[in-house]
Amino acid sequence: HVISEDKTKEDSYKIYVTKTTNIEIANANLETLAVREGSLNPEFNYNITDYKIEIPNETTKIEILAIPQSEKAKVSILGNNEMKVGNNYIQINVIAEDGITNKKYELNVYRRNEKEQIQYEQEKQYQAERLSAILQEEQKTKSNVTTNEIMQNKNTNIYSFYTLRFFAM
């Protein structure tokens, strides 16, 4: 039982402790967590339980791959079927082989509205065009350097040829 210092807030917590000599039967960690529709932020790590992901406006269902570290653990996924525009919460529950130990992973999924989707696609297009222009400019610069090197080598070779003729006479 916890009470804030100013005594305005009060919370109760239950802590369940499982003592076991076989740690594997109490393993409620995920080995893999992946979402087809985007990338987890931060990148998946079994010790991190809270993730964010942003999805396109047209996506209404999230496909999730959640594989537990222990083969005998059970995984359930809640809230991934009807993504509304804005914030959505998906909960992935892992129950260990012992049936007692559990761990909850949460995904905060943000589904863009139509206006945000248009802006996102325009920004993506703009970035692709900028990258293409940079790569073309870099290729052009490389091409100019190569041409200059060839001309310098050609002039050096002509100079060497005349030098050799001069000494040969």
Side-chain angles (χ1 to χ4, degrees), residues 1-139 142:
H1 192 75
V2 179
I3 301 173
S4 66
E5 193 173 320
D6 63 0
K7 299 192 185 339
T8 59
K9 294 182 182 178
E10 189 173 325
D11 280 319
S12 293
Y13 297 93
K14 290 182 181 179
I15 299 173
Y16 297 96
V17 178
T18 305
K19 184 177 178 181
T20 180
T21 55
N22 186 347
I23 295 172
E24 187 56 29
I25 67 166
N27 185 345
N29 293 322
L30 284 178
E31 177 71 30
T32 302
L33 178 60
V35 179
R36 179 182 296 262
E37 292 73 18
S39 300
L40 297 175
N41 183 14
E43 191 174 300
F44 175 70
N45 178 311
Y46 71 89
N47 287 317
I48 299 172
T49 56
D50 294 311
Y51 297 90
K52 292 181 181 180
I53 182 172
E54 191 171 309
I55 61 172
N57 176 256
E58 63 271 6
T59 303
T60 57
K61 182 178 179 181
I62 301 286
E63 290 185 53
I64 298 172
L65 176 64
I67 302 171
Q69 288 179 354
S70 171
E71 289 180 10
K72 294 182 181 177
K74 293 184 174 104
V75 176
S76 64
I77 301 171
L78 304 168
N80 63 319
N81 287 326
E82 295 180 27
M83 298 290 104
K84 66 184 190 317
V85 171
N87 287 315
N88 299 270
Y89 295 94
I90 298 174
Q91 190 173 63
I92 298 141
N93 296 311
V94 183
I95 300 174
E97 180 183 348
D98 65 10
I100 300 167
T101 310
N102 65 71
K103 190 170 190 176
K104 293 178 185 175
Y105 294 84
E106 291 185 357
L107 300 180
N108 178 357
V109 180
Y110 183 80
R111 180 180 166 203
R112 293 186 282 270
N113 63 38
E114 289 179 23
K115 184 179 177 183
E116 290 169 328
Q117 186 64 36
I118 291 167
Q119 289 173 337
Y120 174 81
E121 288 171 6
Q122 287 173 341
E123 178 65 24
K124 200 169 151 182
Q125 178 66 30
Y126 172 74
Q127 293 296 337
E129 288 170 1
R130 274 187 47 105
L131 180 60
S132 178
I134 289 168
L135 291 174
Q136 286 176 357
E137 188 61 36
E138 188 176 294
Q139 189 63 33
K142 275 186 179 177

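- At a threshold of 4.5 Å between non-hydrogen side-chain atoms, the residues Leu40 and Val35 count as touching.
- For residues 121-137, the pairs satisfying side-chain hydrogen bond (donor to acceptor under 3.5 Å, both in side chains) are Gln117-Glu121, Glu123-Gln127, Gln125-Glu129, with sequence neighbours left out.
- Sequence neighbours left out, the pairs with a member in residues 62-90 that pass salt bridge (Lys or Arg N to Asp or Glu O under 4.0 Å) are Arg36-Glu63.
- Leu78 contributes atom CG, which lies 5.5 Å from atom CG of Asn93 (distance to the nearest 0.5 angstrom).
- Counting non-hydrogen atoms of other residues, nucleotides and ligands closer than 6.0 Å to CD of Glu10 gives a total above 12.
- For Phe44, the CZ atom sits in a packed shell: over 12 heavy atoms of surrounding residues, nucleotides or ligands are nearer than 6.0 Å.
- To the nearest 0.5 Å, atom OG1 of residue Thr8 and atom CG of residue Asp6 are 3.5 Å apart.
- Atoms CG and CD1, from Leu30 and Ile48 in turn, are 12.5 Å apart once rounded to the nearest 0.5 Å.
- Ring-plane geometry between Tyr51 and Tyr105 is classed as parallel, the angle between the planes falling under 30 degrees on a 0 to 90 degree scale with a further cut at 60.
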Which pairs of donor and acceptor atoms, one on a side chain in residues 53-62, lie under 3.5 Å apart (sequence neighbours left out)?
residue, atom, partner, partner atom, Å
Glu54, OE2, Arg112, NH1, 2.7
Asn57, ND2, Arg112, O, 2.8

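- When the shell of 6.0 Å around NZ of Lys52 is examined, it contains 12 or fewer heavy atoms from other residues, nucleotides or ligands.
- Residue Tyr110 holds its OH atom at 14.0 Å from CE of Met83, rounded to the nearest 0.5 Å.
- For the pair Ala96 and Ala73, the tightest heavy-atom approach, listed with the atom from each and the gap, is CA-CB, 4.1 Å.
- When all heavy atoms of Ile77 and Ala66 are compared, the pair lying nearest together is CD1-CB, 4.4 Å.
- The two atoms that bring Ala26 and Thr101 nearest to each other are O-CG2, 3.2 Å, heavy atoms only.
- Expressed to the nearest 0.5 Å, how far CG of Asp50 lies from CG of Asn108 amounts to 9.0 Å.
- Side-chain contact between Val94 and Asn29 is absent, with no heavy atoms from C-beta onward closer than 4.5 Å.
- One finds the CG atom of Leu33 at 8.0 Å from the CG atom of Leu65 (value rounded to the nearest 0.5 Å).
- Nearest heavy atom pair, residue Ser70 against residue Glu97, reads OG-OE1, 4.5 Å.
- Put simply, the side chain of Asn81 never gets that close to the backbone of Gly79: no donor and acceptor are under 3.5 Å apart.
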